[in-house]
Amino acid sequence: MVDLRDRDALEQIFASTKFDAVIHFAGMKAVGESVQKPLLYYNNNLIGTITLLEVMAAHGCKKLVFSSSATVYGWPKEVPCTEEFPLSAANPYGRTKLTIEEICRDVQHADPDWKIILLRYFNPVGAHPSGYIGEDPRGIPNNLMPFIQQVAVGRRPALTVFGTDYNTVDGTGVRDYIHVVDLADGHIAALLKLEEANIGCVVYNLGTGKGTSVLEMVRAFEQASGKQIPLVKAGRRPGDAEIVYASTKKAERELKWKAKYGIDEMCRDQWNWASQNPYGYGSPDSSD
Ligand code: UDP
């Protein structure tokens, strides 16, 4: 494992192996932390990516799949979000994703040998069906599903529901949750696409195209786990959008990829991972 900003270490890796393509997932991703520590985010995410692109180019590896995010749609005026929607950043984390997208477009424009696919993830959740690989955030989880999971295994007393007065089916925020296995398949489809001619720098949404509210997700998780998730209703979380879900047409058409799993499978696999690993990769003592 190397830090992408460590040019010498990266050089060594690219000198030792000839890579066909790179999937670039490396980056910091906590919105709140990015507001507190913007320079940390700009330094890690932007300098890491620029160094990677430079070293790739120097070694003649010019095929890239980059993990972007639906956060670049900001607060969408309408749904579903298509790839052509106007882009904006609501926080430093989002600004790093948006800036990296723009850097990639510029790099490819300057040197048409590059082929770059930007994948805009919606809300990845769930775990590998084996139960061996799952998400294990440090500290208090920011995201809904890891939080629900920690309530279900008894690590936290209740889920705080941020906002019950949205203009949605039950007043809670709506998102497009996508199973991590579907997300992984989307990357395989992108790698295959990179083999085609004249890709340029192109962007695809990776979502299911379906919106699910916080309460719908809680109910699905209760069903899958047999556990009750106590709720505390609270005000809106600053910066949160009301409804975000993807248009999946472009990915279906051009990547021949479509999500297979719904929220029941997401909750089933998340619970399988959680119940076998209630403290993630750590132990009760090492975890908070
Ligand atoms: N949410 C919530 N309680 C939590 C975490 C999230 O009610 O402890 C809500 C949040 O307001 C949003 C949805 O769950 O409506 C998804 O939040 P998450 O942070 O997972 O994704 P994002 O908002 O970044 O799309």
Side-chain angles (χ1 to χ4, degrees), residues 27-36 41 45 67-76 79-81 85 87-98 119-127 134-180 183 205-222 227-246 259 263 266-267 270 274 288:
M28 303 186 82
K29 54 148 260 183
V31 171
E33 186 183 45
S34 82
V35 174
Q36 302 302 320
Y41 273 66
N45 293 3
S67 313
S68 187
S69 163
T71 191
V72 298
Y73 295 122
W75 297 278
V79 278
C81 301
F85 270 25
L87 306 179
S88 67
N91 51 64
Y93 158 73
R95 210 165 341 268
T96 67
K97 292 293 179 193
L98 193 49
L119 297 176
R120 291 186 183 145
Y121 299 3
F122 281 67
N123 290 59
V125 299
E135 193 179 1
D136 181 21
R138 306 281 104 189
I140 301 170
N142 296 301
N143 297 113
L144 179 65
M145 282 300 267
F147 205 104
I148 293 180
Q149 167 180 330
Q150 292 195 5
V151 175
V153 299
R155 287 170 60 180
R156 304 199 185 269
L159 170 74
T160 306
V161 179
F162 296 135
T164 52
D165 59 348
Y166 285 114
N167 188 19
T168 61
V169 57
D170 53 26
T172 64
V174 167
R175 296 289 183 276
D176 185 338
Y177 297 93
I178 173 169
H179 196 297
V180 287
L183 195 79
N205 288 338
L206 293 185
T208 63
K210 293 188 189 71
T212 302
S213 75
V214 173
L215 295 183
E216 286 169 339
M217 208 59 181
V218 168
R219 259 179 254 121
F221 198 89
E222 287 182 334
K227 302 279 176 189
Q228 212 211 329
I229 308 295
L231 302 177
V232 174
K233 292 185 178 163
R236 298 180 178 195
R237 187 169 62 176
D240 265 0
E242 186 164 78
I243 305 186
V244 185
Y245 59 88
I263 59 168
M266 298 175 209
C267 291
Q270 182 109 22
D288 51 354

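Nothing here was measured: the structure is a model prediction, and the numbers come from that model. Atoms within a ligand are numbered from 1 in the order they appear, just like the ligands themselves.
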Considering only the protein, which heavy-atom contact is closest to atom 5 (C) of ligand 1, and what is its distance? N142 O, 3.6 Å
To atom 21 (O) of ligand 1, the nearest of N123, V218, T160, V125 on a heavy-atom basis is N123
Residue V161 vicinity, atoms of ligand 1 by number, heavy atom under 4.0 Å: 7 (O)
L159 versus L144: any side-chain heavy-atom pair under 4.5 Å? yes
Sole candidate of N123, I263, D176 that passes side-chain contact (heavy atoms from CB on, under 4.5 Å) when paired with T208: D176
May I ask you to identify the nearest protein heavy atom to atom 20 (O) of ligand 1, giving residue, atom name and distance to one decimal place in Å? L144 N, 2.9 Å
Any heavy atom of Y177 closer to ligand 1 than 4.0 angstrom? yes
Proximal candidate to atom 12 (C) of ligand 1 [heavy atom criterion; set R156, R175, M145]: R175
For F162, is at least one N or O under 3.5 Å away from an N or O on ligand 1? yes
Is I140 close to Q150 at the side-chain level, that is, under 4.5 Å between some pair of heavy atoms? no
Determine which pairs satisfy ring pair (Phe, Tyr, Trp, His ring centres under 6.0 Å) with at least one residue from residues 141-170, sequence neighbours left out, and list them in order. none
Of the protein's non-hydrogen atoms, which lies at the shortest distance from atom 14 (O) of ligand 1, and what is that distance? V214 CG2, 3.4 Å
E33 versus Y93, side-chain donor and acceptor atoms under 3.5 Å: no
Compare all side-chain heavy atoms of M217 with those of C267 and state whether any distance is below 4.5 angstrom. yes
So which heavy atom in the protein is nearest atom 15 (O) of ligand 1, and how far is it from that ligand atom? G173 CA, 3.6 Å
How far is atom 11 (O) of ligand 1 from its nearest protein heavy atom, and which residue and atom name does that atom have? D240 OD2, 2.6 Å
In a check of side-chain hydrogen bond (donor to acceptor under 3.5 Å, both in side chains) between N205 and each of Y121, Y73, Y245, which one passes? Y73
Considering only NZ, NE, NH1 and NH2 on the basic side and carboxylate oxygens on the acidic side, decide whether E135 and K29 come within less than 4.0 Å. yes
Looking at atom 23 (O) of ligand 1, what's its closest protein heavy atom, distance included? R237 NH2, 3.1 Å
